[in-house]
Amino acid sequence: MRKLALHWQIVIGMVLGVALALVLNNFSWGSGFIANWIKPFGNIFINSLKLIAVPLILGSLIKGVSDLKDISKLSKMGFKTIGFYIGTTILAVTIGLVTVNIIKPGKSISEETRMELLDSYAGEAEAKKEVAEMQREAGPLQALEDVVPENIFGAAAENSNMLQVIFFSIFFGVALILIPPDIAAPVKSFFDGFNEVILKMVDIIMMAAPIGVFALLAGLVSEAPSSELFVTLGVYAFNVLLGLALLLVLQALLVWIFTKRNPIYFMKAMAPAHLLGFSTSSSAATLPVTMERVEDYLGVRREVSSFVLPIGATINMDGTSLYQAVAAVFIAQAFGLDLSIGAQLGIIATATLASIGSAAVPGAGMVMLVIVLAQAGIPEAGLALIFAIDRPLDMCRTVININGDAMVSVVIAKSQNQLDSPKRSL
Ligand code: ASP
């Protein structure tokens with residue numbers, strides 16, 4: 001019998017997880033049972049993915065950079081990658097702004113609901129504001145300073161310091177190219193082997209993916225707020241989802257325009273990474289799978305994927321930037337503020353920077369939204385309006401973030417002549 005494709009196994013896991021939570025929610029002991037006996041398996045799954053994120057970046061980036069042999073290739077690829085990332089982010093924010101100005105979701109919210117939401121979520125909004133405050137107090141070059149760690153073990157000890165690990169790996173890889181080849185050889189072959197071991201670990205973890213997402217979704221649904229809130233904030237959610245859908249189509253189109261590859265095949269190849277991003281709300285946790293899919297099923301050579309994807313997971317968030325633009329204008333509309341064209345152009349700049357600064361973990365986009373709001377003069381307390389449905393939207397925008405990274409890796413690979421035929425077929 002032919003084995004069911006991985007993405008179908010994951011979809012079945014998700015559906016069963018949602019169904020279980022819906023059934024158990026009818027019993028008084030239901031949510032306690034899920035929290036104690038089901039959700040931990042979801043946490044174990046996410047932890048095992050996070051566990052390999054740092055070694056994966058170290059291993060694959062050192063190998064990828066040292067395989068390039070020529071440093072000028074690296075800087076060329078670097079400029080192209082960053083340029084593409086910024087370009088697609090600006091495009092995403094623009095889509096967000098255009099749709100929110102046409103749909104005007106903020107006008108559909110009544111004064112009464114606004115007061116209710118502001119009241120009930122004021123505490124949560126305040127907590128996000130405090131986190132954002134710490135980031136805002138930093139000087140203009142703080143972000144650059146933060147890229148260089150003072151201790152690599154300290155940097156590798158925290159998953160939130162991905163850029164520091166990336167910096168060290170590129171630095172190490174470059175130095176490896178510069179030393180005599182006979183001395184570099186054993187170091188290189190060590191990292192080649194190290195890398196293979198980590199990729200095998202990804203394969204093994206993915207065998208548990210259907211169970212992991214089953215547990216994650218059961219936990220999420222059992223803790224979800226009442227469905228009434230979804231109706232109240234329905235127009236806003238629709239706006240974000242419509243924007244994300246348009247962006248997805250655009251990303252697929254860019255794949256076709258730049259590589260002439262079939263966009264449907266591209267989407268199918270990436271499906272397990274999409275589903276995992278949806279279930280975990282974290283591009284960083286999904287990174288190992290994104291890398292595997294891009295290399296094995298799309299044919300991107302490791303020299304490119306190991307460079308483009310970890311950087312993308314940290315700085316390129318098309319879905320998040322689109323959401324930040326929609327959310328900012330939505331809050332302004334709900335407060336009856338009219339934003340000038342100048343203020344909206346300011347949103348393009350701050351949302352682009354804010355999405356670069358957002359960590360690739362659940363809810364990070366909302367923290368950075370505080371900065372977008374402050375910059376545009378929109379009341380930050382407005383965060384309370386969108387708090388209740390942030391998680392489901394976070395799940396969706398994470399899928400687009402991941403897809404954007406994969407798209408750029410294929411395009412860059414093509415432009416560097418490093419796009420082969422896929423190693424494995426779907
Ligand atoms: N959860 C998103 C990601 O990991 C970031 C965000 O928008 O909150 O890509």
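Note: hydrogens, waters and symmetry copies are ignored here, and every other heavy atom, side chains too, is used. Just so you know, ligand 1 is whichever comes first in the structure, and atom 1 is the first atom listed for that ligand. Remember, it's a predicted structure, so these values are computed and weren't measured experimentally.
- Which parts of ligand 1 touch Ser282 is read off a 4.0 Å heavy-atom cut-off, strictly below it: atoms 4 (O).
- No side-chain heavy atom of Ile90 sits under 4.5 Å from any side-chain heavy atom of Val93.
- Using a 4.0 Å cut-off to heavy atoms of Ser281, the atoms of ligand 1 that qualify are 1 (N), 4 (O).
- Here Ile402 has no heavy atoms under 4.0 Å from ligand 1, in either its backbone or its side chain.
- Taking a cut-off of under 4.0 Å to the non-hydrogen atoms of Gly363, the atoms of ligand 1 that pass are 8 (O).
- Residue-ligand proximity, Ala364 to ligand 1, at heavy-atom distances under 4.0 Å covers atoms 8 (O).
- Proximity of Ile412 to Gln416: side-chain heavy atoms (C-beta onward) are separated by under 4.5 Å at one or more points.
- For ligand 1, the atoms lying closer than 4.0 Å to a non-hydrogen atom of Asp394 are 1 (N), 2 (C), 6 (C), 7 (O), 8 (O).
- Of all the heavy atoms of Met366, none lies under 4.0 Å from any atom of ligand 1, so neither backbone nor side chain is involved.
- Distance from atom 4 (O) of ligand 1 to its nearest protein heavy atom, with residue and atom name: Ser283 N, 2.9 Å.
- Between Ser306 and Met291 the shortest side-chain heavy-atom distance falls below 4.5 Å.
- Note that the CD atom of Gln324 and the CG atom of Leu369 stand 6.0 Å from one another [nearest 0.5 Å].
- Annotation: cation-pi geometry not satisfied between Arg397 and Phe278 (NZ/CZ under 6.0 angstrom from ring centroid, within 45° of ring axis).
- By the 6.0 Å and 45° rule, Lys39 does not stack over the aromatic ring of Trp37.
- Protein heavy atom at the shortest distance from atom 6 (C) of ligand 1 is Gly365 N, 3.3 Å.
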Practice prompt. Quick one: do Phe167 and Phe171 satisfy ring-ring contact (aromatic ring centres under 6.0 Å, His included)? Show the steps, please.
Written response: CA-CA 6 Å; Phe167 172 81; Phe171 198 4; 5.7 Å; yes
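- For the pair Lys268/Tyr297, no side-chain contact is recorded, criterion being any heavy-atom separation below 4.5 Å from C-beta on.
- Between Ala284 and ligand 1, a contact under 3.5 Å exists for no N or O pair.
- Close contacts between ligand 1 and Thr320 involve ligand atoms 5 (C), 6 (C), 7 (O) [criterion: under 4.0 Å to a heavy atom].
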